[in-house]
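We count residues from 1, following the sequence as given.
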Amino acid sequence: LPGSGFDTYEQQDKVLVGLCGGTGCKAAVRILQQQGFAVMGAVVRLCTDDPVVDAAKEAAKALGIECITLNASELASQLAEETAAPADLRFPALLAAADRLGIQYIATGHHARVELGSDGVHTVCPAVDAALDESAALAALPQDTLARLLLPLGEFTAADVQEMAQDFKVNGTV
């Protein structure tokens, strides 16, 4: 896939990937591994019986990576001064866990891109595939989050991701 998001990072830079168990997240893990990252997974538990947790753990096992579970309600009490909704706690949870683990980057399977301008400001940009674009959902993230956020799927179309998922043997729905 020429000119398409396969940038090279320092060998074994670490990244904590937010997992949900879907094919997109699995493909994101494999893309990051191909870029030279040491990948660890994390799932943010938003409620007591969150089915995403089991799906993410199964995906991590299939991918051969470790996956930790982060509890959003505990994080919410730690961040009491903020008024974020539970879904908005995923990024602070990933960052807090990455900091505790000494991991530089976080990543998700969102379809968007983060670009660094010449002025040093990070901007959320639309995904290459407009039909999958999730940039609006990420636009309000603070600069310190955007500076550490990798979005490997933003450079690819749905067909590209599906093809990579087949190549990576992580098929399913994107």
Side-chain angles (χ1 to χ4, degrees), residues 1-47 49-72 87-98 101 103-114 124-135 137-138 141 145-146 148-174:
L1 302 170
S4 57
F6 280 98
D7 299 322
T8 304
Y9 292 85
E10 290 298 315
Q11 187 63 25
Q12 294 302 298
D13 274 349
K14 295 178 183 156
V15 61
L16 184 63
V17 179
L19 295 178
C20 66
T23 299
C25 287
K26 294 176 196 172
V29 166
R30 291 295 189 234
I31 291 167
L32 291 165
Q33 288 174 327
Q34 285 189 349
Q35 291 175 333
F37 283 100
V39 178
M40 180 176 186
V43 59
V44 179
R45 181 190 320 264
L46 298 176
C47 59
D49 294 325
D50 193 341
V52 172
V53 173
D54 290 335
K57 293 281 189 178
E58 287 176 28
K61 184 176 179 181
L63 292 164
I65 63 170
E66 183 180 351
C67 183
I68 59 173
T69 302
L70 308 173
N71 191 333
D88 297 332
L89 292 173
R90 286 188 181 107
F91 289 98
L94 287 172
L95 285 171
L101 296 165
I103 296 175
Q104 173 72 29
Y105 299 104
I106 62 169
T108 69
H110 284 91
H111 292 267
R113 298 174 297 122
V114 176
V124 177
C125 298
V128 168
D129 190 332
L132 297 176
D133 181 44
E134 297 175 288
S135 59
L138 305 176
L141 289 174
T145 300
L146 295 177
R148 296 175 63 188
L149 179 61
L150 303 177
L151 300 170
L153 299 184
E155 298 289 335
F156 302 104
T157 65
D160 292 337
V161 173
Q162 201 62 43
E163 183 180 331
M164 286 185 285
Q166 289 174 349
D167 292 345
F168 298 149
K169 297 182 180 20
V170 294
N171 302 44
T173 57
V174 178

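Gln33 is linked by a side chain to side chain donor-acceptor pair (under 3.5 Å) to Arg30, counting only residues two or more places apart in sequence or in another chain. For Leu138, the side-chain contact (heavy atoms from CB on, under 4.5 Å) partners two or more places apart in sequence, or in a different chain, are Phe91, His110, Ala112, Val124, Leu141, Leu151. Annotation: salt bridge (charged side-chain N to carboxylate O under 4.0 Å, His left out) contacts of Arg45 (sequence neighbours excluded): none. Considering only residues two or more places apart in sequence or on other chains, Thr157 meets the side chain to side chain donor-acceptor pair (under 3.5 Å) condition with Asp160. Contacts of Ala127 classified as side-chain contact (heavy atoms from CB on, under 4.5 Å), with partners at least two apart in sequence or in another chain: His111, Asp133.
For the atom pair OG1 (Thr108) and CD (Glu134), the distance works out to 7.5 Å, reported to the nearest 0.5 Å. Rounding to the nearest 0.5 Å gives a distance of 6.5 Å between CG of Leu94 and CG of Leu70. Rounding to the nearest 0.5 angstrom, the gap separating the CG atom in Leu149 from the CZ atom in Arg113 is 13.0 Å. The line from CG of Leu101 to NZ of Lys14 is 9.0 Å long, rounded to the nearest 0.5 Å. Atom CG of Leu153 is separated from atom CG of Asp129 by 11.0 Å, given to the nearest 0.5 angstrom. Rounding to the nearest 0.5 Å gives a distance of 12.0 Å between OG1 of Thr23 and CE of Met164.
Considering only heavy atoms from C-beta on, Gln104 stays 4.5 Å or farther from Asp13 through its side chain. The closest side-chain heavy-atom distance from Val17 to Phe37 is not below 4.5 Å.
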Pair Tyr105-Leu32, side-chain contact (heavy atoms from CB on, under 4.5 Å): steps then yes or no: CA-CA 11 Å; Tyr105 299 104; Leu32 291 165; over 6 Å; no
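Of all non-hydrogen atoms in Val15 and Ala107, the two that sit nearest each other are CG2-CB, 3.7 Å. Scanning all heavy atoms of the two residues, the minimum distance from Leu146 to Val114 falls at O-CG1, 3.6 Å.
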Anything under 3.5 Å between a donor and an acceptor, one on a side chain of residues 50-65, the other on a protein residue two or more places apart or in another chain? List them.
unit_1, atom_1, unit_2, atom_2, d
Asp50, OD1, Val52, N, 3.1
Asp50, OD2, Leu46, N, 3.1
Lys57, NZ, Cys67, O, 2.8
Lys57, NZ, Thr69, OG1, 3.2

